[in-house]
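Before any comments, here is the structure.
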Amino acid sequence: MKTRSLLVVLSTFLLWMISCKEPIIDEGVLPFIVPTSVDADGGTWRTIILKSAADITVPQPVAVTSDAYKKEFSDVKNGVLAATPEQNTAVNYWAAGGTIRWNQIARQLVAKYNLAPGYDYATGQTTSADAGNPYAGPPFAARVYALLSVAQYDALVVAWRAKYQYNRPSLEQQGVVARIPILDVPSYPSEDAAIAEASCQLLAYLFPNELNWLKAKATEHKQSRLWAGGNVPSDIKAGEDLGATLVAKVIDRAKSDRFSAALDQTNSWQTTLAKAPYDQKWKSTELPERAPILPLAGKVKTWYDSTAIVRAAPAVPPATTSATFQKALSEVRDIASSRTRDQWSIASYWDNGPGTYSLSGLWNFLVEDLSRQEGQNELRTARTYALLNRAMQDATTASWQTMYTYFVPRPSQIDPTIKTSTAIPNTPGYVADRAAVSTAAATVLAYLFPDEATRLNAQATEAAISGLYSGTQFRFDTEEGAKLGSTIGQLAITGAKADGAK
Amino acid sequence: MRFVAYITSLGLLLSLTRQTYAQGSIDGFMRGQRKASLAIFGSQETYDTYYINTTETKNPNLGTVTTQAVTVVGTYGLGYDLDLIVSAPYVRTQASAGYFPKQEGFQDLTGTLRWEAYDYKFGKTKLSWEFAVGYSMPMQHYVNDAMVAIGRGSQNLDGRTLLHFKAPNFFITGQYGYIRRGQVKLDHIVNTYDPSQINPNSGTKVNVPDVTELIIRAGFVSKVVNIDVWGQRQTPHSDGTNIGPGIPFPTNAVGFTRVGATAYLRLLKQFGLTAGYNTTLDGRNIGKSTQINAGLVIGHWTANN
C-alpha cells in the first residue's frame, strides 16, 4: 500500500516534470502483431511485373549443418542479448513491418516533394522541377505508392517461393529467443532484406537526392533482423540480392510508363485546351495564373485493363448554359455561403493538398490499421498495398485523362463569389480525382476487408462529397468520379480473385 | 526554399489572429475590493504583409486581411489585493482577395486572477509587485487550421509577474509572462514532412508552441485623462514550424514586437471613453498588422485607482 502511494506521488511528480516540456506527439508504442497465417503457398501467387516468381532464381543456401552456417547462427544467437538500446529501438521500429515502414518513408518523401513548381512571390523567381527534385503532385504520389507496393509484393512472392523451396528452419525453431515475434516461415531468404533493398532502390530512383538517407534506412532495416534474432547474415544477403534483381525490373517498367512526359514541358496542354469539347474553358484561379498540375499524367500506362478503363471514361458534363449546370452551380454556392462546421471539417480531412502525402497517401495510412487488425503477414500486407495502390494510380490517371480532355472550370471560376474552405487545386474540375481515387480505394479494401465494408464505403462517399463541401467541385464532378473509381476498383477485385491468394 | 506563392499565402492567418485584448487585459492597476468595471471595445486590425519565419511577404491571393472584434472585459475586486478579470471577444476576419471565406464567431474566453503580493509606499509614490495567472479556452469549435481563421483553438495557461510603479501623475509597469499553450486537434491527419520525425503517424493532434512575453507600459495619469504608451514582445519559447504548404497553422512559431498607445477620457464619474492604436514592428509567422480600437468603460478606469 505504501509503495503504491509512493508510486502515485512519484508518477505525479514525473508527469509534472514531463509537462514542463512540449510533449512529443507520435504513434505511441505499437503492440507487436502476431500474423494470423504464414501463407505457405505464397510463392505460387501471381506476380505483377515478373511473369512468375520463378523468373528470379535464389541460389541454394548452405546447409544448416555446415560450419559456415553454425558460425553465423551462434553469432546471431549471442548477439541478441548484447543488443544496445539503439539497436533495440531499431528492432522495435522495423518490427511494425517492413512493408508498412517503407510505405511510411515513401509518404514522408512525397510530402517533402509535394510542392508545385511555379512562381514564388517571395523571391519573384519561377521554380522548376527536375529529375533530382521531382514535383510529387497527386499523379506522382499515386505512382510512387503503386511502384513501391508492386516491388515489395513481387519481391516477397519470390522470397516466399525460395523459403519453401529450401526450407531452412527459422531461428526460433533452432532455439533462438527473438526479441520480437517472428513469423514462423523458413528463414532463407530474409523477407525484410528483400523489401529493404527493393524499396530503397526504387525510392532512390524516384527521389535521387535522398539516396544516402534511404541507404541508411535500408541498412538499419537489414541489421535490425540480426539484432532481433530473426535472421542470419546469409538470409539477409540472399534477400538483398533478390530484391536488387527484382527492383531493376520494376524500374524498367517505370522508365517506360510515359510518366516522364507528364510535366508537359512544351505546354502542349494549351493546344488541347483550345480544342476541348466544353463551352467554357478552365483557367487557373491563382494570381498570377499558373500552368496546371502534370497535364499529361492522364497518358500514363495503367496497371489494370486499359481498354476497360478507357471504356469507363466519363462523358462530357452538362454545358454551362444548361439548367442542370446552373442547378449544380447554385448548389455549390448555397453550400459555400452556409457551410457548416462539419462540412468544413470533412472538406479539410480529405483535402491532402500541397506539402502533404496526398490523398493516395492518406488511404495508405488508413490501411495500416486494417492490416494490423487482421494480423496480415508481410506478404499479405504487400498484396493489399499492391492491389490498392495500383487501383488508386489508375483512378488518378483516368481522372487526369478526363480533366485534360474537357477542361471543365472549377465553380469559383464561373462564380467568383464562391469561397472555398480548401485551396482550389490548380487543375480542371471534372472529374473529381478525390472521388475516383477514394471510391477505387474503398472498393478494393471492402473486398479485402469485408467486415469493414460499410465503414470503408461511408468513408469513400464522404471523400467524394468533400469537394462539394469545400466549394471546389460540382456534384457531377464527384458523382462521375465515383463511378469511374468504382469501375477501376472492380477491375482490381477481378485481378485479386485470380492471383492465387485466398 | 521552394515556397509557392499561392500556397504560402494560405499560411498565415491563423497565427495572425492575436488574442484580441491581450496587451491590455492585465495591467498593473489593482481594482480594489468589491469594485467592478465593465468595458466594451471594438477593434479593427489589418495587414497586407506577413512574415514567413521572419521574412516579409505579400500574397496576391490574399490581399488585405481585416479582423474586427468586439471584446467585453469585466474586472472585479475579490479582495483588496486580489482581482478577477474576464474577457470574451467576438471576432470576424476576412481577406480582400482570393477565395478564402470569411470566418466569424466567439473566440477565446479568458479568466485571470491578479494578486498584489507586496507593496511599498514612499510618500506619494508606490511600488507594487504582482502576480497573475490566467486560463483561456475557445468558446466554440471554430476552424483552427485555415488560411483565414479566428484563432488557434488551444487552451492556454498564462503565468506572469508585474512590477508596477505609480507616482501621482505617472506610472510605469513592466511584466514578464509565460504562456503555455495546449495541444489542438486538427480536422485532418497531420501528414507533412518533418525531418526529425520519420514516423508520420501522429494523428490529428499537434502542439501549439509556448511563448514568453515582455510588456512595458508607461503613461500619464490624471483624474480626467490618461495617456500611455506600451511595447510588447512575444517570443516563441518552444520549437515551432514556419508557414509553408501543408504545415498546420497552429504549430507555427509565432513572435512579434508591437508598440501602441492608449488614451482614456472620463466623461462622468462612472463612465469614460477609451481609444488605442498599435502596430507591429517585426514578427515571425504572423501578419504585420496595425490595429485601432475604441470602447466604453463603465466603472473606474483602472489607472484612476
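Only this structure's heavy atoms are used, side chains among them; waters, hydrogens and symmetry mates stay out. Naming: A, B, ... by sequence-line order, numbering from 1 per chain.
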Looking at [X] and [Y], what are the two nearest heavy atoms and their distance?
X        : Y        : answer
A/Phe365 : B/Ile189 : CE2-CD1, 3.1 Å
A/Thr285 : B/Asn61  : O-OD1, 4.2 Å
B/Pro101 : A/Thr420 : CD-O, 2.9 Å
A/Arg341 : B/His141 : NE-O, 2.6 Å
A/Ile418 : B/Tyr99  : O-CD2, 3.5 Å

Report the distance from atom [atom1] of [X] to atom [atom2] of [Y], rounding to the nearest 0.5 Å.
X        : Y        : atom1 : atom2 : answer
B/Thr192 : A/Gln108 : OG1   : CD    : 7.5 Å
B/His188 : A/Ser466 : NE2   : OG    : 13.0 Å
A/Ser358 : B/Asn191 : OG    : CG    : 9.0 Å
A/Thr422 : B/Asp187 : OG1   : CG    : 11.5 Å

Neighbour count above 12 (heavy atom, 6.0 Å) for B/Asp239 CG: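 At most 12 heavy atoms, drawn from other residues, nucleotides or ligands, come within 6.0 Å of this atom.
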Atom CZ of B/Phe106: over 12 foreign heavy atoms under 6.0 Å: no
Which portion of B/Gln103 sits near chain A, non-hydrogen atoms under 4.5 angstrom: side chain
Sequence-distant partners of A/Glu220, side chain to side chain donor-acceptor pair (under 3.5 Å), two or more places apart: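 Counting only residues at least two positions away or on another chain, A/Glu220 forms a side chain to side chain donor-acceptor pair (under 3.5 Å) with A/Trp94.
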By side chain to side chain donor-acceptor pair (under 3.5 Å) - contacts of B/Gln183 (at least two apart): B/Asn207
